[in-house]
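Proteins get letters first, then strands, A, B, ... in listed order; numbering begins at 1 in each.
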Amino acid sequence: MDEHYSPAQVEKDAQAYWDTHQSFKAVEDPKREKFYCLSMFPYPSGKLHMGHVRNYTIGDVITRHQRMHGKNVLQPMGWDAFGLPAENAAMANGVPPAKWTYDNIAYMRKQLKSLGFAIDWGRELATCKPEYYKWNQWLFLRMLEKGIAYKKTGVVNWDPVDQTVLANEQVIDGRGWRTGAVIEKREIPMYYLAITQYAEELLVDLDKLPEWPERVRAMQANWIGKSTGVRFAFPYKLDDRDEKLWVFTTRADTIMGVTFCAVAAEHPLATHAAKNSPKLQAFIDECKRGTVMEADIATMEKKGIPAGISVTHPLTGEPIPVWVGNYVLMGYGEGAVMAVPAHDERDFHFAKQYKLPIKQVIGVEGEKFSTDTWQEWYADKERGRCVRSGKYDGLGYGVAVDAIAADLKAKGLGAKQVIWRLRDWGVSRQRYWGCPIPIIHCDHCGDVPVPDKDLPVVLPEDCVPDGSGNPLTKRPDFVNCLCPKCGKPARRETDTMDTFVDSSWYYARFCSSDIANAMVDERVKYWMPVDQYIGGIEHAILHLLYSRFWSKVMRDMQLVSYDEPFSRLLTQGMVLNEIFFRKPPTGRIIYFNPADVELKLDDRGQRIGAVFKSDGQPVESGGIGTMSKSKNNGIDPQALIEQYGADTARLFTMFAAPPEMTLEWSDEGVAGAYRFLKRLWKLVADHVSKPFPAKCDFTNLSPALRDLRRQVHQTLAKVTDDIGRRRTFNTAIAAVMELANALGKLEDGSDAARAVRHEALELMTLILSPIVPHITHALWLALGHQGSVADRRWPPVDTTALKQDNLEIVVQVNGKLRGRVSVPVQAADDKVREIALADEAVARYVTGKDVKKVIVVPGKLVNIVVAG
RNA sequence: GCGAAUGUGGCGAAAUUGGUAGACGCGCUGGAUUUAGGUUCCAGUGGGGAAACCCUUGGGAGUUCGAGUCUCCCCAUUCGCACCA
C-alpha cells in the first residue's frame, strides 16, 4: 500500500470499479425491499455550485447507507432543463438555448460523475426532450377535459420598449432590467390549473406526512390558508339599477364598525366612478402600473381616493362611502373589502391618514379605547366582546359571527363561506424555452386541443431569443398549422408552460424513463413514493405543493396509486460565504471573490482586516450571504475537487454543519477535512505494513484495550443512529474523528492490540464509506478484502463490547458541579447517594449544612440540595 | 407587511428525553522534526482571578432541586411571498 494518499488515483480507481460492475444500476425486484432516494434535479446553469455538491452528497450518503442495510436502492439523476437563464445566455452570446443547455448538461454530468455519486445513470432524463415533455402536454389535455385546466385572463409585467412580458425577476424597482422602461401591468389570456379544487385535500393530507419537517408543513398550511368567514354585500343603486358590492371578511363580528369600503383599481365600481373624474382615472392608472408582487404591496404606502359613490350598510342601512385603494387586489377574494378602522390595523392607519371616522364596536374588559394610537387588543378575537352594536352587544367572536351571518342570510345579502389563500396556478409563460402548450387557435372553431396522435408539439431547437418578445411568434413553420377540427388554416399557441410543470412529476418518470408509449408504467408501483427526498429549503412551498397537486391529479386519472409523492423530506440549508467589496466614491460597488482575499489576524486569531491579494489594499466585509454571482462570493467545486479530491469536498460539506442548517464556507475547514483523510490513510498504511494479526479472543483484553474496543462499538452505534435516524452527518464524522484520535494514541504493539486496531480500522472504513466512498474503497482492499466496500453490509454492534463495570456519576450541590464519583453499574439509587455524599470534594460543600433533598438520576448524576 | 426558521468561545459547531455547556474541526500560542515553503508531530487554548473560586449559551423576566433546552416579552439575522429555479 502506498504510504501517501493520492486522491486523484484513488478516486479514478474506485469510479472505474463502480462503472465496470454497474454497481448502482437499480433493477425492480419484488422480493427485495426498495428504497427510492431522490435529490431535487438541477437546473443546468453551466457548472455545479456548492449547493449542488451539498444536496447530492446528502442524498448519496443516505443512498449508500441504505444499500449497506440491504435495501434495493434507486438514486436517479436528471435535468430541469427548461427555463429563463438559457434565454438570457442566448441574448448574451447568440447561442440557441438548446445548444447552451445540452452543453451545460454534458459538463455538469461529468462533474457529478467525478464526485462519485451512486447514481443509476441509465435512467437519466432531461425535461427539454420531446419524449419527456410530450407527457406534460398529454396530461394538460386530460386536465382540460376534466375542467382542471381552464383559460382566463391574468396580469403580467409588460415592458413597453422591448414589447415583451417580463418575469418578476426581470423587473427591478418597477423598471425593465434591459430597457429601464417603467413596467406596466397588462391583462392577457392565460391557462390556469385549478389547484384550489384540491385545496382541502392538500391541507388535510399534510397529516399523512409526519416525516416532513414541521416547518415545511406549517409553511404549506399557511400558504393554502383556509379561513372561514362571511361573504356579504353592500347594496347600492347605479343608474337606478339595484347593484351589490360583494366583500369577504373573517371578522364579521366587527361589521357594525364599518365606516367605509375599499375597492381595487380594476374593480367595475372604480371603472364606473372614474368616468366623470379625471383625477380618479389618473389614480387608477397609477395603481394599474404598480407591482404585482405581494411583498411590495404589503410594504408600500397605502394610498386611496374617494370614488364619490356610497353603498348601503346591509344591517344598519347607513350610507357607506367607497374608496379606491392601491392595497386592494382584484385577484384576491372579491376585489373589494369592508373597512373597520377601529379593529383592523391597516384600516386604522388608512382612516387616520385620510381622516375617516373610527367607530369602536369591540371592547375588552378593563381596556380603554382611544383613536390616538393602535393597540393590539383592538383586533383581539379571544377577549373582545361586541359593544355599541345593538342586538349583538356582549357577544364573543364566534357567536357574533354566527348571529350576523344568519341575519345577512335572512336578508339575502350574505352567508358564511370558506375561502382559501391559495390561488389557481397560472401556467402560461410568454417565453420560448419551455414546453409548448398544445392548443391551436382557429378563427372558426376557437381554441382547439391538439389531438393526442399529434403529440408532442415539438419545440424548434434553433431559435435565438433577442429579448423582444417570444421568438416562436416569428416562426411561421411553428405557428401556422391546420385546425384539427375543420382543417382550415389556424395558429398554434406560442405560450409555453411554467417550468414548475416539468418538475411536478419527474420523480415518477424516473421509474420508467425508457418508455415511449405512456407517461408512466407499472414500475411506479414498485418504486413510488419517494422514500427520501432532499432539496433546498427555498422549494418548501411552490415546487413541493405543485408536485403534491400533480400527484393527486394523476391518481384521480388512475395513472398512479399513491396519494403523496414524497414520504420523507429533508430540506437542506443554503451554502453561505463571506462577501467582500469596495465602494468607490463614484460608480458601482465592486465585489471580490473570497478566494482572492487575505484575512489579517492578530496573535489571538481575531480578525483585524482583509486585503485583496493582488494589490494588497483593504477590502470591506459585507457579512455572510448565500453564494451568488451578483455578490461574487461563490466557490467553484471544480477547483476544490482538483486540489483535494471529491472525498474531501464531500467530507467537508457533511462535517461543517447539520444538513438542515446553513453552511458557511471555510477554506481552512476544507484543509482540515483533507488532513483527516490523510491521517486515516496513514493509520491504515502503518497497520498493514506489518503482517495481519491472528484471530483474537476479545473476551480477555487488558482494561485499556477493553476501553478502546468499547469506544469502537460505541462509535459504530452512534454513527448508525446519526446517519440512519437523525441524519446528523456532522456528529457522525466527529465521533469517527474522536475514535481515530484514540487509535492514533494507542502505542501497544501486542498481538491483541493489533487485533483490536484491525477491527477498529475495518469498522471505520465501513461506516465512513457512505460519506467518503473512494478512499474507503481503497482502504478496504488494503485491509485484505476483495470487491467493493460499497457492496458490504453495515456492521452489527457487538453489545458485549459495550458492557462496563463502573460508571462515572456527576455530583452537584444545589445544581453546581462539585465532584465526580465512580459507581458500580448495578448500584441501587441509595448506594449511589451514599457514595456521592461520602465523596471528599462534595463533603466540603455539604458538611455542617442541612441536606434537604437528594436527587439521583440513574447513570447520570446526583444533585444534593442543601439549605443556606 | 405576512409566514417560517436561526442566534452558544476568535470562527464552524456539539450537548438526541429538563441533568457535566463548548465534543469534533478551524484558527491562534509555545515546542519538536523536516523543508526553500506548504507539511507532520507534541502541549496549551471561553472570560476574570495568585488561588479558592466566580462569570458565561442575543437581551430581559418566569417555572424548576437543576434551563442552551420549557413559558412570556424584546432585539438581530436568514429564507419564502405565487413569472428565478
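- Side-chain N/O atoms of A/N222 include one lying less than 4.0 angstrom from OP1 or OP2 on B/A4.
- The separation between A/L817 atom CG and B/A67 atom C1' is 16 Å, rounded to whole Å.
- When the side-chain nitrogen and oxygen atoms of A/R215 are compared with OP1 and OP2 of B/G80, none of them lie within a distance under 4.0 Å.
- Neither OP1 nor OP2 of B/C24 sits under 4.0 Å from any side-chain N or O of A/R679.
- Going from atom CZ of A/R818 over to atom P of B/C65 covers 19 Å, rounded to whole Å.
- Across the protein-nucleic acid pair, A/I855 atom CD1 and B/C65 atom P stand 7 Å apart, rounded to whole Å.
- Atom-to-atom, CE of A/M737 to P of B/A14 comes out at 14 Å; the value is rounded to the nearest Å.
- Within the structure, a side-chain polar atom (N or O) of A/Y845 is placed less than 4.0 Å from OP1 or OP2 of B/C53.
- Ion pair A/R820/A/E808 flagged as a salt bridge, since at least one NZ, NE, NH1 or NH2 atom sits closer than 4.0 Å to an Asp/Glu carboxylate oxygen.
- Atom CG in A/N55 sits about 13 Å away from atom C1' in B/A85, given to the nearest Å.
- A/E211 has no carboxylate O lying under 4.0 Å from a charged side-chain N of A/R217, or vice versa, which leaves the two without a salt bridge.
- Distance noted for atom C1' between B/G18 and B/U71: 13 Å (whole Å).
- Between the P atom of B/C11 and the CE atom of A/M661 lies a distance of 16 Å, rounded to the nearest Å.
- Using a 4.0 Å cut-off between charged side-chain N and carboxylate O, A/R833 and A/D829 make no salt bridge.
- A/N730 has a side-chain polar atom (N or O) that falls below the 4.0 Å cut-off from OP1 or OP2 of B/A14.
- Nucleotides B/C54 and B/G3 place their C1' atoms 44 Å apart, quoted to the nearest Å.
- Between A/R251 and A/D344 there is no salt bridge, since no side-chain N of the basic residue sits under 4.0 Å from a carboxylate O of the acidic one.
- Separating the CE atom of A/M108 from the C1' atom of B/A85 is a distance of 12 Å, rounded to the nearest angstrom.
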